[in-house]
> 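First the structure, which I've put down as structure tokens, then a few questions once you've had a look.
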2 protein chains.
Amino acid sequence: MDARAICLAVLSMGDASGYEIRKSLESGPFGSFTDAGYGSIYPALKRLSEEGMITGRQESQEGRPDKTVYSVTQKGKLALLDILHEAPSVERLTSDHLFRLFFAELLPVRMVEALIEERIAHYRTKIAQMREGRERGHGSPGADFVCGFGLALYEAGAHYLEEHKHALLAAIAIDGEAPPAAQQPDSALPSQAAE
Amino acid sequence: MDARAICLAVLSMGDASGYEIRKSLESGPFGSFTDAGYGSIYPALKRLSEEGMITGRQESQEGRPDKTVYSVTQKGKLALLDILHEAPSVERLTSDHLFRLFFAELLPVRMVEALIEERIAHYRTKIAQMREGRERGHGSPGADFVCGFGLALYEAGAHYLEEHKHALLAAIAIDGEAPPAAQQPDSALPSQAAE
DNA sequence: TTCGGTATATATCGGTTCGATATATTGCCG
DNA sequence: CGGCAATATATCGAACCGATATATACCGAA
């Protein structure tokens, strides 16, 4: 799933400019499980256009600079179908928050608390937005399914953080008084286990 | 959180070779929320070594090729602490599965079913592994917290998929008989809404 | 003995992406 | 007028991905 696939997917749901594609990734239904920045979107749009998978037209607007709005061609729709039929290969989560929470005992308690609160707030905001969007009307079966899935995960995440926050803070408040001792995972380093 | 931070983090929990770092990301506690391939790990180790944050020593093994095992230096530990104190910036999920499920009505029912089953199996396997690892002994408070968080999310994900699978399959079996009509998200493309 | 496959172990490469930055247009406000 | 924000497009260097390459060691089959 590269930037071209992402652009095709967004455009398959309606015409858009490069800027709008980016905006829809930031706050639309796609953004939860994919992302692409301007640095990828614009070259991708250029290539898709050269390959005849999308066509662009210039549009003037009142009070705003002109924009190029892209439509997906029949060729582009077929290409998107091909992509969807390929075996999925990428499942990846990158989380700076979890990375820091993993080493919570090395951080000040106040900071760990802030990290958790921040994440709870983020989830709760997301949940409210998605709930609102769902009430306004439903999308396709697939979009609904994925939205429901996202809601379920956000709910579970928020709930876990709310329920276990105090236990972690209590544990590191005690641990924080001991010298920082790096704990060793049990099976991640087989050569260590062999020693 | 770049490859250098990841290597420092893994090494802070015990000495390891480049290969072992990669293996620990594939199946250790870190791999759920971060990742790095050989293409990033080896250049990062080289740089960290040049910067005096890690030291490498050659080790011979029986029945296996020699390896270079890296240890983190005091300088490296301080650098990791600095990194942990920086504000978190990256939270990203990329999921080929969800991307395809979003367009479920464009895909054959059998394929959608397989995608979902595959994901359920993956979650259930992960859950079992993590449960097993937890029984064997506990890690640091932070590691336990993050592990519990991961478990909660996997459980929620598996449960949602199991509970809603049939509804989606039923919906697209009906929809699959209509001409594929791209549905338009309601608020993702403000310029469309304006038209 | 040789070959193919697998595991361990390290390294590299071209294409892609990220994140930041730059530029341009338009409007608003002090 | 200048600064700021929003819209809109484009670019750039550093970093990364995914594939590939190479090397060592072992095992089993032909």
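What's counted below: heavy atoms across the whole structure, side chains too, no hydrogens, waters or symmetry copies. Chain naming here is simple, since letters A, B, ... match the order of the sequence lines and numbering starts at 1 in each. Note that this is a predicted model, so its numbers are computed, not measured.
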> Short of 4.0 Å, heavy atom to strand atom, which residues of residues 81-94 of chain B count as contacting DNA chain D?
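Result for residues 81-94 of chain B: none.
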> Using a cut-off of 4.0 Å on non-hydrogen atoms, how would the nucleic acid contact of A/R47 be classed: base, sugar-phosphate, or nothing?
sugar-phosphate
> Would you call A/E26-A/K23 a salt bridge at under 4.0 Å N-O?
yes
> For residues 120-130 of chain A, which side-chain N or O atoms pair as donor and acceptor with protein atoms under 3.5 Å away, sequence neighbours left out?
unit_1, atom_1, unit_2, atom_2, d
A/R124, NE, A/E162, OE2, 3.1
A/R124, NH1, A/E155, OE1, 3.3
A/R124, NH2, A/E162, OE1, 2.9
A/R124, NH2, A/E162, OE2, 3.3
A/T125, OG1, A/A121, O, 2.8

> Out of C/dT10, C/dT12, D/dT9, which nucleotide sits closest to the side chain of B/P43?
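Given the options C/dT10, C/dT12, D/dT9, the side chain of B/P43 is closest to C/dT12.
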> Before you tell me yes or no, could you show the steps for B/L168 and B/I116 under side chain to side chain contact (heavy atoms under 4.5 Å, CB included), namely the whole-Å CA-CA distance, both residues' side-chain angles and the distance that decides it to 0.1 Å?
CA-CA 10 Å; B/L168 177 64; B/I116 297 174; 3.9 Å; yes
> Do side-chain atoms of A/S24 reach the backbone of A/I21 as a donor and acceptor pair under 3.5 angstrom?
yes
> So if I take residues 34-42 of chain A and measure heavy-atom distances to DNA chain D, which residues fall below 4.0 Å?
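Hits under 4.0 Å, by residue number: A/Y38, A/G39, A/Y42.
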> Is any NZ, NE, NH1 or NH2 atom of the basic residue among B/E117 and B/K165 found under 4.0 Å from an Asp or Glu carboxylate oxygen of the other?
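Looking at B/E117 and B/K165, the cut-off is met.
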> All N/O contacts under 3.5 Å from nucleotides 3-6 of chain D to the protein, with atom names and distances to one decimal?
none

> According to side chain to side chain contact (heavy atoms under 4.5 Å, CB included), who are the partners of B/T94, at least two apart in sequence or on a separate chain?
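Only A/M1, A/V90, B/R92 meet the side chain to side chain contact (heavy atoms under 4.5 Å, CB included) criterion with B/T94.
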> Measure the acute angle between the ring planes of B/F103 and B/F99, then classify it against the limits of 30° and 60° as parallel, tilted or perpendicular.
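B/F103 vs B/F99 ring planes: perpendicular.
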> Which residue lies toward the 5' end of DNA chain C, A/M1 or A/E62, if each is placed at its nearest nucleotide?
A/M1
> Determine which pairs satisfy side chain to side chain donor-acceptor pair (under 3.5 Å) with at least one residue from residues 34-44 of chain B, sequence neighbours left out, and list them in order.
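Output for this query lists B/R22-B/D35.
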